[in-house]
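Contents: one structure, followed by commentary.
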Amino acid sequence: MKTEKLLFKKLFLLALFVLLLNDFFLKYYFHNYITGKLSDFAGLFIFPYFISSFSGKRIKEIYILTGVLFVFWKSEFSQPIITFFNNYNFGVNRIVDYSDLVSLIVLPFSYTYRLTKSYNLKKDFNPIVRYVIICISCFSFIATSVQKEFGEINLKSDFKITSNNNTDTIKKELELYATSNNKYYCQIEIPKKRSRINFLIKIEKDENKNNIIKIDSILNFSTTGTLFGINNNHVKYIKSLKAKDFEDLFLKQTIVNNVYVPL
């Protein structure tokens, strides 16, 4: 297969989509073991595939080198390099977690797929689309390493408001995600601080069958850096907030989304 067609194969595009979806969405809403490993699996599948798509030679060597570099990157031995870049305000981040090395098992599958011909790709593709895929791929590799800081908040709250909207409207306007027992994840953005706050809320009915929105707890936060690092003042600001401050942020969001109209 011509190398210029490799970037149009379905599994490569699917893995690229999963990588972006996980880094920019799933990690914020579901910060857990699965989302922590998903980017490693998707990234290891597409990175050597992507690099080798520009050359028909030394494919095996590219995959082996990718595995070696990944092990180095995930070890404490890479810390001097990370510190060097961060000292010059180039935000680079990774967590030393040797359980991440389990994702190396995806490399043989990616390698096999790279060598497999796809007979469905017989037509020529617009070169502009190929350049767009190249740019998105490069962006995904960089974005994965941009510094992000996650922190636990774990504050309980008795805050509640009454809404005249039905449950479906509330879920839509606040972009809620169900857990169980009428509990939902809710995320509040603080754009100026490049931060997101995750709440656990309940929706119940009062005696008049109006919806009562209650904050069960303020769970955690994430602050995203740029290529020039994380602004520590943003993190300090979030950590300085009290339960009342988070409740005010939540109230403001419900008003903006027309879920709650103050009298």
Side-chain angles (χ1 to χ4, degrees), residues 20-36 38-39 91 93 95 143-144 146-226 229-263:
L20 292 169
L21 178 67
N22 192 57
D23 282 345
F24 290 96
F25 179 78
L26 297 180
K27 279 184 178 179
Y28 294 107
Y29 282 98
F30 312 103
H31 181 52
N32 54 37
Y33 180 85
I34 295 176
T35 59
L38 192 56
S39 288
N93 182 52
I95 297 174
T144 298
V146 167
Q147 283 186 299
K148 298 181 180 72
E149 181 159 337
F150 297 91
E152 299 295 326
I153 298 174
N154 293 328
L155 292 175
K156 300 298 288 185
S157 173
D158 297 321
F159 179 84
K160 61 183 179 180
I161 57 174
T162 302
S163 176
N164 293 324
N165 292 301
N166 60 47
T167 303
D168 288 338
T169 300
I170 294 172
K171 290 193 290 186
K172 178 181 178 182
E173 295 299 326
L174 292 180
E175 299 182 355
L176 304 182
Y177 294 85
T179 57
S180 60
N181 299 325
N182 295 323
K183 291 185 179 181
Y184 302 85
Y185 288 120
C186 177
Q187 191 173 84
I188 302 300
E189 299 268 359
I190 311 179
K192 291 183 178 179
K193 304 300 181 182
R194 297 181 61 85
S195 298
R196 297 175 178 178
I197 313 298
N198 290 313
F199 293 77
L200 184 65
I201 69 170
K202 297 179 181 178
I203 300 179
E204 301 173 346
K205 296 285 187 181
D206 64 11
E207 62 276 7
N208 298 318
K209 295 186 177 181
N210 293 317
N211 277 313
I212 304 295
I213 305 173
K214 297 181 177 180
I215 297 179
D216 178 85
S217 52
I218 303 104
L219 300 173
N220 49 54
F221 75 91
S222 62
T223 299
T224 303
T226 66
I230 283 182
N231 188 327
N232 289 325
N233 290 328
H234 292 171
V235 177
K236 290 179 181 179
Y237 171 80
I238 301 300
K239 289 182 176 180
S240 71
L241 297 178
K242 307 300 182 184
K244 180 63 167 58
D245 300 314
F246 291 115
E247 292 166 356
D248 290 342
L249 287 170
F250 179 81
L251 178 62
K252 184 183 297 184
Q253 189 70 36
T254 61
I255 294 174
V256 169
N257 289 68
N258 297 315
V259 170
Y260 171 72
V261 180
L263 298 177

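All values below were derived from every heavy atom in this structure, side-chain atoms included, with hydrogens, water molecules and symmetry-related copies excluded. Given the structure is predicted, the values throughout are model-derived calculations rather than measurements.
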Only counting residues at least two apart or in another chain, list the ones meeting ring pair (Phe, Tyr, Trp, His ring centres under 6.0 Å) with Phe221. none
For Lys214, enumerate each residue passing the side chain to side chain donor-acceptor pair (under 3.5 Å) test, keeping only those at least two apart in sequence or located in another chain. Glu204
Provide the closest heavy-atom pair for Lys242 versus Leu155 in the form atom of the first, atom of the second, distance. C-CD1, 4.3 Å
Partners meeting side-chain contact (heavy atoms from CB on, under 4.5 Å) with Asn208 (sequence neighbours left out): Asp206, Asn210
Say you draw a straight line from NZ of Lys172 to CG of Asn166; how long is it, rounded to the nearest 0.5 Å? 10.5 Å
On a heavy-atom basis, the closest approach of Lys192 and His234 is O-NE2, 3.5 Å
Does some side-chain heavy atom of Phe199 sit less than 4.5 Å from a side-chain heavy atom of Leu174? no
Checking side chain to side chain contact (heavy atoms under 4.5 Å, CB included) for the pair Arg196/Ile188: CA distance, chi angles, key distance, verdict? CA-CA 6 Å; Arg196 297 175 178 178; Ile188 302 300; over 6 Å; no
State the OG-CG distance between Ser39 and Asn22, to the nearest 0.5 angstrom. 3.5 Å
Heavy-atom side-chain proximity of Ile218 to Leu241 below 4.5 angstrom: no
Within the 4.5 Å heavy-atom criterion, are Asn165 and Asn211 side-chain neighbours or not? no
I would like to know whether Tyr185 and Leu219 meet side chain to side chain contact (heavy atoms under 4.5 Å, CB included); could you show each step before the answer? CA-CA 9 Å; Tyr185 288 120; Leu219 300 173; 3.6 Å; yes
Considering residues at least two apart in sequence or located in another chain, which fulfil the side chain to side chain donor-acceptor pair (under 3.5 Å) criterion with Lys244? Asp248
Mind checking side chain to side chain donor-acceptor pair (under 3.5 Å) for Ser157 and listing every partner two or more places apart, or none if nothing turns up? Glu247
Minimum-distance pair of heavy atoms, taken over all atoms of Ile153 and Ile197: CD1-CG2, 4.1 Å
How long is the straight-line distance from CG of Leu249 back to CD of Glu189, given to the nearest 0.5 Å? 11.5 Å
With a 4.5 Å cut-off on side-chain heavy atoms, are Ile213 and Phe250 touching? yes
If you round to the nearest 0.5 Å, how far is NZ of Lys205 from CD1 of Ile212? 9.5 Å
Once you round to the nearest 0.5 Å, how far does CD1 of Ile203 lie from OG of Ser163? 8.5 Å
Hey, could you give me the CZ/CG distance between Phe246 and Leu251, rounded to the nearest 0.5 Å? 15.0 Å
Do you know which two heavy atoms are closest between Thr35 and Leu26, and how far apart they sit? CG2-O, 3.8 Å
All pairs passing salt bridge (charged side-chain N to carboxylate O under 4.0 Å, His left out) where residues 156-168 contributes a residue, at least two apart: Lys156-Asp216, Asp168-Lys171
